[in-house]
Protein chains: 2
Amino acid sequence: MSERPTLAEVFSRAEYRLSGHGPRNADVLKAVLEQVDGNMESDMYGKGKVIEDFQEEMAAYLGKEAAVFFPSGTMAQQIALRIHCDEKKLAQVAYHPLCHLEIHEEDGLKELHGIRPILLADRHRLITLEDVTGLGEEIACLLLELPQREIGGQLPEFRELEAIAAYCREKGIKLHLDGARLFEILPYYGKTAAEVCALFDSVYVSFYKSIGGIAGAILAGDAGFAEQSKVWKRRHGGDLISLYPYILTSAHYFKERIGRMDRYYREALALSEQFQACRGVTTRPAVPVSNLFHVHFDAPKDKVETLLIALCEETGIGVTGSLRDFDGETSYFELSVGDGYALVPEERRNDMFRSLDGKLSGIL
Amino acid sequence: MSERPTLAEVFSRAEYRLSGHGPRNADVLKAVLEQVDGNMESDMYGKGKVIEDFQEEMAAYLGKEAAVFFPSGTMAQQIALRIHCDEKKLAQVAYHPLCHLEIHEEDGLKELHGIRPILLADRHRLITLEDVTGLGEEIACLLLELPQREIGGQLPEFRELEAIAAYCREKGIKLHLDGARLFEILPYYGKTAAEVCALFDSVYVSFYKSIGGIAGAILAGDAGFAEQSKVWKRRHGGDLISLYPYILTSAHYFKERIGRMDRYYREALALSEQFQACRGVTTRPAVPVSNLFHVHFDAPKDKVETLLIALCEETGIGVTGSLRDFDGETSYFELSVGDGYALVPEERRNDMFRSLDGKLSGIL
């Protein structure tokens, strides 16, 4: 039994993968470096052409006065909230219970910044205008994550977003965008990044989700906010002497993939339909609003895991490398469409879904 | 006048440079990547072969139970002090007034961790055993920087270091080593890294000083300390999904240059003699104890800067790219011997020193 491969192993060895851009290996960096002049000077502690050019490019793209490159979103977002809290002299913010800061950062916001978060909405739905207007306590800042990753990448309608933003502006509440997957929702909203960001005082975007870079983030806002964020970046230990490996790859893959977000989104729509045609499978959202969605199985994790390993070994197509328990009786995984999807021959994909449907019928 | 090149510009364009390993450009990364298998998997949030192998290698080299790779020393050292303070339930430490944490980190230790530093000794000399035993207040941790960079890379005698360590152990004070330039002092002490580190509870070393990497640091200590440091790394936003560009270059250049530290040290000894043979020039220390020393001119910054620009343009040898005012009437620069020194033909170097001596005679 101990020699049986895991789902992660069969997925990583699969001939095709429905999600992602392919392996996270050194080729991701090598391919970019090969096109870079060896004499290109490093950035130096946040200064120099390589970092300043990209910051200017992203500020313009996001429609903000200034943008600052960070090694991580964890660092960028804690700092954004700290600046907003300091300005209001109020160490209290609000965000979703499944916010990255709440579940993935070892409580950095509380331990390093002494900021108290109020959790809005619940673990199964989005924050609504009513959640915000109904807040009994004062907050310096509201953080919205678009799309809300941990519930399948759901999105409020743009009109509701505008109403929340208007309410916050009226009440003097700063609005921060966790835009880890901002690029991915622009096709659904039919808006430019700048049009979405105009609703927010500060914005974080990531370059290693659908952009497919190595690591790195941009934090954007007005000029004073950006300057303050550089001081906090130094304090956090993120003002590295050289960030260029991340900057070069972010800039390269941004240029390469930003135009593909619409395709990924349409492919996700088609893919979620194929999953939902299988017995005992639903997707969340039922109709995706980005390239990301969750696939839920009406069967427990251990049974589905065995099934998915067999499916991958039989068809050569990996659907996921990581299945999670949902409620003890059902299970799910997250799927993000990237470059890998289009590589799968249609016939092979259809065969795989037929096989999946058959196998599920056997365990349901 | 505005078209006159700066000292930094003529230094960066010089045919030869007395200090450093050469330009900080993309070739530093490209040269390493060319030797890396493109299929090499990325580290993933602190896990994976590429990061674990290097951490184990460095733990063994430093003689500590465990080592953790960090993007920066700023992050690693704040975290080390925080862990020691939490353990002692006392948010007070001691270090030198020119400690990196005091002058280069925008007060991150105070602003993020609420830790109060007591400044020992003064801006012109090393911390002594008497400074430590004479401390009127309780501290959780004492930080020693070896060598003390900002005063020319001075070092206490090893016997004094042992006495300080013994006193701290007796008093329950944790001892942390800022070893940004630890590798560089081993030839003078005639000790292994592990022998020096044995005096300390925790140790930070850097890979972009004489090792010549791109960025990155190791923090080492006992296993419990290392595990706690990983939690704080996540909180700081330093637990990046991929740190391999820094790890690969750190590991590569460590292997390439660790054996050259003795040579750099001996070259620094010779070089400081040549400087001191020039009129109005002294070095600090008078006899270097590592590859680093400060060169002081008995003339103000503006005059010496003009002189050094002319010297560089005339001889093709850059002595420094950055001259600093010392006390209004005299000036100095920091020199770190690296690979560049050995490239300078001896005759050219001797000619340069003759010219420097002559030029100084003209302004003194």
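We name chains A, B, ... by the order of the sequence lines, and we start the count at 1 in each one. Being a predicted model, the structure only gives us computed values, none of them experimental.
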Mind checking the [atom1]-[atom2] spacing from [X] to [Y]? Nearest 0.5 Å is all I need.
X: A:Arg235; Y: B:Leu109; atom1: CZ; atom2: CG; answer: 11.5 Å
X: A:His104; Y: B:Arg234; atom1: NE2; atom2: CZ; answer: 8.5 Å
X: A:Leu112; Y: B:Glu111; atom1: CG; atom2: CD; answer: 12.0 Å

Most chain B-contacting option - heavy-atom pairs closer than 4.5 Å, from A:Gly73, A:Gly38, A:Ala26, A:Gly238: A:Gly38
If you tally heavy-atom pairs under 4.5 Å between each of A:Arg82, A:His113, A:Lys30 and chain B, the highest tally belongs to A:Lys30
For chain A, which residues of residues 240-250 of chain B have heavy atoms nearer than 4.5 angstrom: B:Leu240, B:Ile241, B:Ser242, B:Leu243, B:Tyr244, B:Pro245, B:Tyr246
Chain A interface, residue from B:Leu33, B:Asp239, B:Val28, B:Thr74 that has the most non-hydrogen pairs under 4.5 Å: B:Leu33
With chain A, the option among B:Val231, B:Asn39, B:Val36, B:Leu29 that has the most non-hydrogen atom pairs under 4.5 Å is B:Leu29
Checking heavy atoms, do the side chain of B:Glu34, its backbone, both or neither come under 4.5 Å from chain A? backbone
Which atoms of B:Pro23 are under 4.5 Å from chain A, going by heavy atoms: the side chain, the backbone, both sets, or neither? neither
Please enumerate all residues that pass side chain to side chain contact (heavy atoms under 4.5 Å, CB included) together with B:His252, with sequence neighbours excluded. B:Val32, B:Gln35, B:Glu256
Minimal non-hydrogen separation, B:His236 against A:Met75, with atom names: O-CE, 3.3 Å
For B:Ser72 and A:Gly237, indicate whether the former's side chain and the latter's backbone hold a donor-acceptor pair under 3.5 Å. yes
Tell me, for A:Asp43 versus chain B, whether the close heavy atoms (under 4.5 Å) come from the side chain, the backbone, both or neither. neither
